[in-house]
Amino acid sequence: MQEKYAHKDVERAAHAHWNANDAYRVTEVAGKKKFYACSMLPYPSGKLHMGHVRNYTINDMLTRYLRMNGHNVLMPMGWDAFGLPAENAALKNGVPPAKWTYENIAYMKQQMQAMGLAIDWSREVATCDPTYYKWNQWLFLKMLEKGIAYRKTQIVNWDPVDQTVLANEQVIDGKGWRTGATVEKREIPGYYLNITSYADELLDHVQLGNPKATLNGWPDKVRLMQENWIGKSEGVRFAFPHDIKGADGALIGDGKMYVFTTRADTIMGVTFCAVAAEHLLAQYAALTKPALAAFIEECKTGGTTEAELATQEKKGMATGLFVTHPLTGAQVEVWVGNYVLMSYGDGAVMGVPAHDERDFAFALKYQLPIKQVIAVDGETFSDEVWADSYADKQRGVCVNSGELDGLSQKAAVDKVAELLAAQGLGEKKTTFRLRDWGISRQRYWGTPIPIIHCAEHGAVPVPEQDLPVVLPQDCIPDGSGNPLHKHQGFHAGVVCPVCGKPARRETDTMDTFVDSSWYFMRYCDPTNSEKMVAEGADYWMPMDQYIGGIEHAILHLLYARFWTKVMRDLGLVKVDEPFSKLLTQGMVLNHIYSRRTEKGGKDYFWPQDVEHVLDEAGKVIGARLTKAVGDLPVGTAIDYEGVGTMSKSKNNGVDPQDLIEKYGADTARLYTMFTAPPEATLEWNDAAVEGSYRFLRRVWGFGNKLCATAGLGALAASVGRQTLSKAAKALRLEVHTVLKQVDYDYQRMQYNTVVSGAMKMLNALDDFKGDGSAGDNAALAEGFGILLRCIYPATPHIAHSLWVELGYAAAAGELLDAPWPQADEAALQRDEIELMLQINGKLRGSVTVPASADKAAIEAAALASEAFVKQANGAAPKKVVVVPGRLVNVVV
RNA sequence: GCCUCGAUGGUGAAAUUGGUAGACACAGCGGACUUAAAAUCCGCCGCUUUCCCGUGAGGGGGCGUACCGGUUCGACCCCGGUUCGAGGCACCA
């Protein structure tokens, strides 16, 4: 074998070997335990970044470990190929999104292959392929039939200059990213999926402590996040009656203004109501009040995100309209509030300043009355300063509330619901924070929504036999309007499927979350042209282990769960939940540097082109360019935004290519696994890569030393029949102790300590001074064979090469399917153990006892020990705590 | 603003989940080898220049897991509060 570790040769040879044997191709084998291990599919942004390397290496380690343990393991890969960045690239470079996307896929696929991932490429899926997105369209039509998909208005960010809808990411401080124009909220029609009708099941399966919960293999944090996102709340929906008539003379909303509240117990404290700017009452009042009309216009500026709405200044204006309090009969003024969302509930809320912090601030600002109706024992109420106890649901009791006085929160809610129901004005209602999923996007690079608009028949579904509705490949978006709308060949020239008259094709495309909601089922039978999913899915699903970034904890995972349930209800799959176990990989973060453009947008700079500017204390206060970028010269001051996730849009991804070139894929893989546990956030710093490379060189060097001894495989297997020296026994104790730990760490997927374990093994082997006897050689051969198998899932190339070169393969077969080593219990036996000795909980020495000693014997040994006698100064023990295998604590 | 998570030496981290804090590494320092450098090998490496013993190598004591407080024989781990950071907030994926 080569004396020096030549990673390029090692990796090239290993790839050739695996490719020649089609080593990762898997089929559905009955009678073998299947395991489906899958990573969240990447967006083909151009190059892999370290987050990908981390994600797929975790997946690969799991796959290889399980395969050695006798499982039939599937690890597929695909491309989340539709989306905004392709359109942005088209805007910037004039390249059609399709071309850009497919080139990126080709490059990234080659990078993945260089990494040596055990992917079954025969199952590759790209979501922009018509044979894939046809089934998005097909299922959408099924959902329309079932009433799960429906049409209603949605609120979008509208750029008035480019006449186009903007994604939230394209709105920077309320301005359009390219035009700098103030963005407006605009209502347009779109398709929705009725995810809320699955809210109860989605909650039950994920909720911690719920007896119906099935997702016990998910991290608690993700389950909690989903539970809070679904946000089930019990409350009361009721109406404030009124006699306000519209211009047509009819009562607006049939004379009832509905609100929803979880705090019906505070209904006697209502001093105003607030409605959304789009509410019918607001619109009506604005007709005669120019100031109000102006305010409603103002409410339309600003973004649509919840974060923005929640942090913006709460503003309101009175409408001059009054509704009637359903229980007291009092007249209550209706205000328009910029914090009330039309899309949530009925677009109107009751205002109880005394017991809701937001209402309290609103009342102070606009000098509205504050009426206390809940009291917490022993606390005084102030109508000037808010205290959290005013909103306390547990300790509060109704006051100033007529017949509700003295009732607890729960009892009061029941009573109020009863009173309202008696008048036909309201009832208890369960609501969810979860909203229906709006899937219409006014963009080009996505799945066309299969609808044809006819003047006579309205929105008509495209007949199933006409699917797929193929997306034209020649569109180059220019940033204005709706690209497909401008593409005449797509938009026009179609006929209504019902009447055959000229009609217009729907030009909206689907949210890309649709694509990623079921691709993992398509992997099971990716080329099936007859069915969306077939028998393959019955074999592989549910997925046994899903691996992906924590940033997908809510949206993607919730949509995929919903989509799976819809497919189940249509009889397409048998599973209730798609992902049995979930590992949420921590983000790989890097510094973010930006600079404002003249139009108010932002340019982002690659961290390698930037250096920090520090203040005297060494704190980063800014940054400047170390290279000319575009028109900007070296030294240009730019903004430092702190650290954040590596992304194309922030231009802060680190390409693993340099690492792979310089050190090889094994080092890149080993380093990402060693440097932090899979779930932890990782701030990127490649300073320690050398250490991982050094370890692999040492492994190689050790193999070189061993290769003088022939037939290592057979020698290793003979270890149980040899007479072992004391040193050899000590070596085996160390190797097998570490092996046991490594195996445990593999099972809990804590791969960083797997790597440390392998390093400990090599240290032990290296330190071993064998005398060349058969026993010593056997212990060495066994130990190195164990080490190779322990590192193989992390660094398959070097392990494969040494396994073959040193003759292990001849004895135990190819490493891919070599049996996983088992810790030898006999080698783990110790005669005596050392226990820590504590006095009053402080470490004061240790005591060595026979491994078989019971509690009484340990206690006696501890009290008799030199360390205790010396340090206790004759104090009498009051209590002795013995923790077997760990310590003795004597309380004196 | 809301939901979730995190914070341990100069650095990445470990501690089998309430029982020896800092395994394994990186960086650094000292030494060996070398004409020299690289590579390699050996040793040291939380703080305590302001605690004690020792001429010294070293040994001991005290402190120490973001901060404040609590529970416990014993707390990085459990509880209450605070600060800072990250992820998500429905059109980035």
Side-chain angles (χ1 to χ4, degrees), chain A residues 40-43 45 80 82-85 88 154 156-157 165-171 219-222 224-229 231 304-312 339 343 358 433-443 511-513 516 549-556 558-559 584 586-587 589 642-645 647-650 674-677 679-683 685 687-692 694-695 697-698 701 740-741 744-745 748 750 752-753 755-760 763 834-843 846 878-881 883 885-891:
Chain A
M40 289 179 189
L41 87 176
Y43 179 80
S45 56
D80 189 17
F82 276 138
L84 203 51
N88 292 342
Q154 51 180 349
V156 296
N157 302 306
V165 175
L166 297 179
N168 287 332
E169 190 184 57
Q170 298 170 319
V171 179
D220 285 357
K221 61 177 171 184
V222 176
L224 202 53
M225 279 191 264
Q226 292 218 348
E227 177 180 342
N228 290 334
W229 182 264
T304 55
T305 69
E306 189 183 298
E308 213 166 325
L309 295 170
T311 49
Q312 75 183 357
Y339 60 92
S343 55
R358 187 179 59 190
R433 206 187 76 94
L434 180 67
R435 306 198 298 260
D436 276 349
W437 176 13
I439 59 157
S440 291
R441 298 290 180 273
Q442 297 66 46
R443 296 199 214 299
D511 180 5
T512 55
F513 274 125
S516 56
I550 182 68
E551 74 274 23
H552 294 295
I554 294 177
L555 290 180
H556 161 60
L558 199 60
Y559 291 145
T584 47
M587 313 254 25
L589 307 181
V643 291
T645 150
S647 74
K648 181 85 182 169
S649 62
K650 300 270 166 73
F674 180 52
T675 200
E679 304 226 54
T681 301
L682 176 61
E683 268 184 49
N685 170 13
V689 177
E690 280 287 348
S692 295
R694 189 175 302 150
F695 170 69
R697 280 204 310 263
R698 282 183 63 207
K740 200 170 176 181
Q741 179 66 44
Y744 176 77
D745 289 340
R748 59 176 179 154
Q750 186 168 295
N752 56 326
T753 47
V755 178
S756 334
M759 288 171 170
K760 282 182 202 173
N763 289 344
E834 189 187 24
L835 300 178
M836 292 305 115
L837 175 68
Q838 291 186 341
I839 299 175
N840 290 340
K842 296 220 176 242
L843 187 64
S846 68
K878 272 196 271 187
K879 182 179 174 184
V880 182
V881 182
V883 184
R886 293 275 186 188
L887 57 68
V888 189
N889 184 19
V890 185
V891 186

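By convention in this document, chain letters (A, B, ...) are assigned in the order of the sequence lines, proteins followed by strands, and residues within each chain are numbered from 1. Predicted model, so just to flag it, every value in this text is computed and none were measured.
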_On RNA chain B, compare the nucleotides closest to A:Gly841 and A:Ser692; which residue's is nearer the 5' end?_
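So the residue in question is A:Ser692.
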*Could you pick out which residue, A:Gly757 or A:Gln442, lies toward the 5' side of RNA chain B when each is mapped onto its nearest nucleotide?*
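In this pair, the answer is A:Gly757.
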Examine [N]: is either OP1 or OP2 under 4.0 Å from a nitrogen or oxygen in the side chain of [X]? Give yes or no.
{"X": "A:Lys842", "N": "B:rG60", "value": "no"}
{"X": "A:Arg697", "N": "B:rU40", "value": "yes"}
{"X": "A:Asn763", "N": "B:rA25", "value": "yes"}

Sticking with atom [atom1], work out how far [N] lies from [M], rounded to a whole angstrom.
{"N": "B:rA66", "M": "B:rG6", "atom1": "P", "result": "12 Å"}
{"N": "B:rU16", "M": "B:rA27", "atom1": "C1'", "result": "30 Å"}
{"N": "B:rA23", "M": "B:rA15", "atom1": "C1'", "result": "8 Å"}
{"N": "B:rG59", "M": "B:rU48", "atom1": "C1'", "result": "15 Å"}
{"N": "B:rA90", "M": "B:rC84", "atom1": "P", "result": "24 Å"}
{"N": "B:rG58", "M": "B:rC45", "atom1": "C1'", "result": "16 Å"}
{"N": "B:rG69", "M": "B:rA75", "atom1": "C1'", "result": "14 Å"}
{"N": "B:rG12", "M": "B:rU4", "atom1": "P", "result": "27 Å"}

*If the glycosidic angle is within 90 degrees of 0 it's syn, otherwise anti, so just tell me which one B:rG9 is.*
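Judged by the O4'-C1' to base torsion, B:rG9 sits in syn, the angle falling within 90° of 0.
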*Using the glycosidic torsion, which applies to B:rU17: syn (within 90° of 0) or anti (everything else)?*
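Judged by the O4'-C1' to base torsion, B:rU17 sits in syn, the angle falling within 90° of 0.
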Taking any heavy-atom pair under 4.0 Å as a contact, classify [X]: base, sugar-phosphate, or nothing.
{"X": "A:Ala307", "answer": "base"}
{"X": "A:Gly644", "answer": "sugar-phosphate"}
{"X": "A:Thr645", "answer": "sugar-phosphate"}
{"X": "A:Leu84", "answer": "sugar-phosphate"}
{"X": "A:Val891", "answer": "sugar-phosphate"}
{"X": "A:Phe513", "answer": "base"}
{"X": "A:Ala167", "answer": "base"}
{"X": "A:His552", "answer": "base"}
{"X": "A:Val689", "answer": "nothing"}
{"X": "A:Glu834", "answer": "nothing"}
{"X": "A:Val643", "answer": "sugar-phosphate"}

Verify, without hydrogens or angle tests, whether [X] (side chain) and [Y] (backbone) share a donor-acceptor contact under 3.5 angstrom.
{"X": "A:Lys878", "Y": "A:Val891", "result": "no"}
{"X": "A:Gln170", "Y": "A:Ala167", "result": "yes"}
{"X": "A:Thr753", "Y": "A:Ser756", "result": "no"}
{"X": "A:Arg441", "Y": "A:Asp511", "result": "no"}
{"X": "A:Glu834", "Y": "A:Ser846", "result": "no"}
{"X": "A:Asn157", "Y": "A:Leu166", "result": "yes"}
{"X": "A:Asn752", "Y": "A:Thr675", "result": "no"}

_How would you summarise protein contacts on nucleotides 41-47 of chain B per nucleotide, using B for base, S for sugar-phosphate only and - for none, with heavy-atom distances below 4.0 Å?_
S------
*At under 4.0 Å between heavy atoms, which parts of nucleotides 5-14 of chain B does protein reach? Answer with one letter per nucleotide, 5' to 3': B base, S sugar-phosphate only, - none.*
S------BSS
Using atom [atom1] of [X] as one end and atom [atom2] of [N] as the other, report the distance to the nearest whole Å.
{"X": "A:Met40", "N": "B:rG87", "atom1": "CE", "atom2": "P", "answer": "16 Å"}
{"X": "A:Gln312", "N": "B:rC2", "atom1": "CD", "atom2": "C1'", "answer": "14 Å"}
{"X": "A:Met836", "N": "B:rA15", "atom1": "CE", "atom2": "C1'", "answer": "14 Å"}
{"X": "A:Ile439", "N": "B:rA90", "atom1": "CD1", "atom2": "P", "answer": "18 Å"}
{"X": "A:Leu843", "N": "B:rG64", "atom1": "CG", "atom2": "P", "answer": "15 Å"}
{"X": "A:Leu887", "N": "B:rG19", "atom1": "CG", "atom2": "P", "answer": "9 Å"}
{"X": "A:Leu41", "N": "B:rA93", "atom1": "CG", "atom2": "P", "answer": "12 Å"}
{"X": "A:Leu835", "N": "B:rU20", "atom1": "CG", "atom2": "C1'", "answer": "11 Å"}

From the set [options], return the single nucleotide nearest to any side-chain atom of [X].
{"X": "A:Pro85", "options": "B:rG19, B:rG87, B:rC92", "answer": "B:rC92"}
{"X": "A:Leu555", "options": "B:rC89, B:rG1, B:rG87", "answer": "B:rC89"}
{"X": "A:Trp229", "options": "B:rG87, B:rC89, B:rG74", "answer": "B:rC89"}
{"X": "A:Thr512", "options": "B:rC92, B:rC73, B:rA93", "answer": "B:rA93"}
{"X": "A:Val883", "options": "B:rG1, B:rG19, B:rU16", "answer": "B:rG19"}

So what's [N] paired with, Watson-Crick or G-U wobble, going by both distances under 3.5 Å?
{"N": "B:rC63", "answer": "B:rG46"}
{"N": "B:rG85", "answer": "B:rC5"}
{"N": "B:rA75", "answer": "none"}

*Answer with yes or no whether A:Gln838 presents, from its side chain, a donor or acceptor under 3.5 Å of a partner atom in the base of B:rU20.*
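Between B:rU20 and A:Gln838, which were checked side chain against base, a qualifying N/O pair under 3.5 Å is absent.
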*Per the atom types in the model, does the base of B:rC3 pair as donor or acceptor with the side chain of A:Asn228 at under 3.5 Å?*
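Result: no qualifying N/O pair found.
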*Is the count of non-hydrogen atoms from other residues, nucleotides or ligands lying under 6.0 Å from A:Glu683 atom CD greater than 12?*
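For A:Glu683, atom CD is not crowded (no more than 12 foreign heavy atoms under 6.0 Å).
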Quick one, [X] and [Y] - any side-chain contact, counting heavy atoms below 4.5 Å?
{"X": "A:Thr305", "Y": "A:Val171", "value": "no"}
{"X": "A:Met836", "Y": "A:Leu843", "value": "yes"}
{"X": "A:Lys740", "Y": "A:Asp745", "value": "no"}

*Distance only, no hydrogens: is a donor on one side chain within 3.5 Å (strictly under) of an acceptor on the other, for A:Asp80 and A:Thr512?*
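No - no donor-acceptor pair under 3.5 Å links their side chains.
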*Donor-acceptor pair between A:Thr584 and A:Glu679 side chains, under 3.5 angstrom*: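 Short answer, yes.
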_Run A:Glu551 and A:Thr645 through side-chain hydrogen bond (donor to acceptor under 3.5 Å, both in side chains) and show every step you take._
CA-CA 9 Å; A:Glu551 74 274 23; A:Thr645 150; 5.8 Å; no
